[in-house]
Amino acid sequence: MTAIEALVRPNILQLQAYSSARDEFSGQEGIFLDANENPYGTLNRYPDPHQRALKAKIAAIKETKPENVFIGNGSDEIFDLVFRIFCRPGQDKALTFSPTYGMYRVCAGVNQVELLQLPLDRSFQIDMEQTFAYLDSPDIKLIIICSPNNPTGNLIRRSDIIHILDHFKGMVLVDEAYIDFSGTGSMIHLIDTYDRLIVSQTCSKARGLASCRVGMAFSGNEVIALMNKVKLPYNVSGPNQKAVLEALEDSENYQQNLELLTKERERLKKRLEGMSVIKKVYPSRANFLLVEVEDADMLYRDLASRGIVTRNRSKQVSNCLRISVGTPAENDALTDALKNMS
Ligand SMILES: Cc1ncc(COP(=O)(O)O)c(C=O)c1O
């Protein structure tokens, strides 16, 4: 048994993956009478269950190999799969650092896995002293780290993530949904060093393709093979695979968009910082700003009544709103509305 297999739920190890019609014959030409499809129409055929073209493109962009890439129906599918593969319901635990992205808790709950949430420190970094005690707990199978973190917007110190990878014997998932906005490199290259590392990214943020629901996981061959075994056969629709593939060809548009959004983030931050209704704007390495105000519930309602919808995160960080960076006109509409309130 390999070190990874020792971490996998026994039912998943024993599972025989579904073999779809497109698995058994993957050629492009022929008369296809194998999948009970309708012979008429333009969307009548099942898509490639292995998303080969998309994986090849993503692997080239991320400078890794297609066999180290998994494509999920959004990264949310990836989180669910990681719990399903590695955490036994009612027995194993997972650990994350709060405040953080809410879907980790939901995926843990759906899979009946207790999720321990250690509070980040005052700079929204991992409190390593507090964390040490958990690193050799045999019950904890998975640690999830979100960097840049949602909703705080900061990067988690890389040396702390490496320390966790060096000392924790379970799986480590680093969620890099916002990494493109961060101005720093990904941890993808570390999958060659740490076979227990899974890095997830998404096409929903910097790539502007949230509607397509395409998330990516990068890991060693063994983990990727497990994810392929457990996923639903046709987890990413044909039109979505095609749309993402086409969009990924246009790297110029992506670069321009990224530059515009990161510039706008800093412009919006400066404008917000000068306003009397704003107490603090946290630095951000993502495409949103966490903003502390006097009364977040009230401000949220006021803005919503003017048609400006923000995210009230006061339950996670006291009196804080999370504000996505919009177009220059949208950001101006926000700051104009806030001016009228002061
Ligand atoms: C940290 C983080 N990870 C993942 C996601 C979800 O990404 P996807 O659209 O790929 O499911 C979000 C969405 O807001 C997020 O904030």
Side-chain angles (χ1 to χ4, degrees), residues 51 54-55 58 61-62 69-84 94-110 115 117 120 124-126 142-156 161 172-182 184 186-188 197-219 227 231-232 235-237 240-241 243-245 247-248 254 257 261 265 282 284-291 309-313 315-317 320-326:
Q51 305 108 11
L54 194 50
K55 277 183 188 162
I58 288 170
I61 292 173
K62 304 291 174 184
V69 181
F70 174 83
I71 314 263
N73 197 285
S75 16
D76 289 345
E77 184 192 12
I78 291 165
F79 309 143
D80 178 61
L81 280 176
V82 171
F83 277 102
R84 275 201 277 158
L95 173 71
T96 192
F97 304 93
S98 61
T100 194
Y101 181 47
M103 277 304 288
Y104 313 145
R105 181 186 55 75
V106 174
C107 292
V110 166
L115 181 67
Q117 301 200 47
L120 292 167
F124 299 138
Q125 289 297 330
I126 296 175
L142 168 68
I143 296 182
I144 306 179
I145 301 165
C146 185
S147 180
N149 188 36
N150 174 6
T152 58
N154 62 299
L155 282 161
I156 300 300
I161 302 178
V172 177
L173 170 64
V174 180
D175 179 0
E176 293 187 336
Y178 300 97
I179 196 73
D180 300 36
F181 300 105
S182 74
T184 52
S186 160
M187 299 194 82
I188 292 176
L197 171 65
I198 302 168
V199 177
S200 67
Q201 293 189 4
T202 179
C203 289
S204 301
K205 309 294 177 183
R207 297 275 169 185
L209 300 165
S211 176
C212 293
R213 310 302 304 123
V214 166
M216 304 158 273
F218 304 92
S219 191
M227 295 177 96
K231 80 176 179 78
L232 295 177
N235 61 328
V236 182
S237 78
N240 287 353
Q241 289 187 45
V244 172
L245 197 52
L248 292 179
Y254 157 74
N257 214 270
L261 285 171
R265 177 184 72 203
Y282 285 92
S284 171
R285 307 296 285 270
N287 67 335
F288 56 82
L289 293 169
L290 185 72
V291 171
V309 189
T310 60
R311 194 88 147 110
N312 188 351
R313 297 283 84 180
K315 288 206 181 85
Q316 285 81 16
V317 193
C320 277
L321 296 182
R322 193 194 66 199
I323 301 174
S324 310
V325 178

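Quick caveat: nothing in here was measured; it's all calculated off a predicted structure. In each ligand, atom 1 is the first atom listed, and ligand 1 is the first ligand listed.
- Close contacts between ligand 1 and T202 involve ligand atoms 7 (O), 8 (P), 9 (O), 10 (O) [criterion: under 4.0 Å to a heavy atom].
- Considering L54, I58, N240 in turn, L54 is the only one that fulfils the side-chain contact (heavy atoms from CB on, under 4.5 Å) rule with L245.
- Between the side chain of Q241 and the backbone N or O of V236 there is at least one donor-acceptor pair closer than 3.5 Å.
- What sits closest to atom 13 (C) of ligand 1 on the protein, heavy atoms only, is K205 NZ, 3.1 Å.
- The backbone and the side chain of D76 each have at least one atom closer than 4.0 Å to an atom of ligand 1 (non-hydrogen atoms only).
- Heavy-atom distances between C146 and ligand 1 reach below 4.0 Å in at least one pair.
- Backbone and side-chain nitrogen or oxygen atoms of Y104 are examined, and none is located within less than 3.5 angstrom of a nitrogen or oxygen of ligand 1.
- When each atom of ligand 1 is checked for a heavy atom of N150 under 4.0 Å away, the hits are 1 (C), 15 (C), 16 (O).
- The shortest non-hydrogen separation linking A108 to L115 is CB-CB, 3.8 Å.
- Counting all heavy atoms, side chain and backbone alike, Q125 lies closest to N154 at NE2-ND2, 3.4 Å.
- Cation-pi check for R285 over Y178 is not met; the charged atom does not lie both under 6.0 angstrom from the ring centroid and within 45 degrees of its normal.
- Closest protein heavy atom to atom 3 (N) of ligand 1: D175 OD2, 2.6 Å.
- Remark: side-chain polar atoms of N287 are not paired, donor with acceptor, to backbone N or O of A206 under 3.5 angstrom.
- Among the atoms of R213, some N or O lies under 3.5 angstrom from an N or O of ligand 1.
- The protein heavy-atom contact nearest to atom 7 (O) of ligand 1 is S75 OG, 3.1 Å.
- T202 places no side-chain N or O within 3.5 Å of a backbone atom of A177 that could act as its donor or acceptor partner.
- Here atom 9 (O) of ligand 1 lies nearest to S204 when heavy atoms of S204, S200, G102, G72 are compared.
- Here the closest heavy-atom approach between residue R265 and residue F181 is recorded as NH1-O, 3.2 Å.
- With respect to atom 12 (C) of ligand 1, the closest heavy atom belonging to the protein is Y101 CZ, 3.4 Å.
- Using a 4.0 Å cut-off between heavy atoms, M103 makes no contact with ligand 1 at all.
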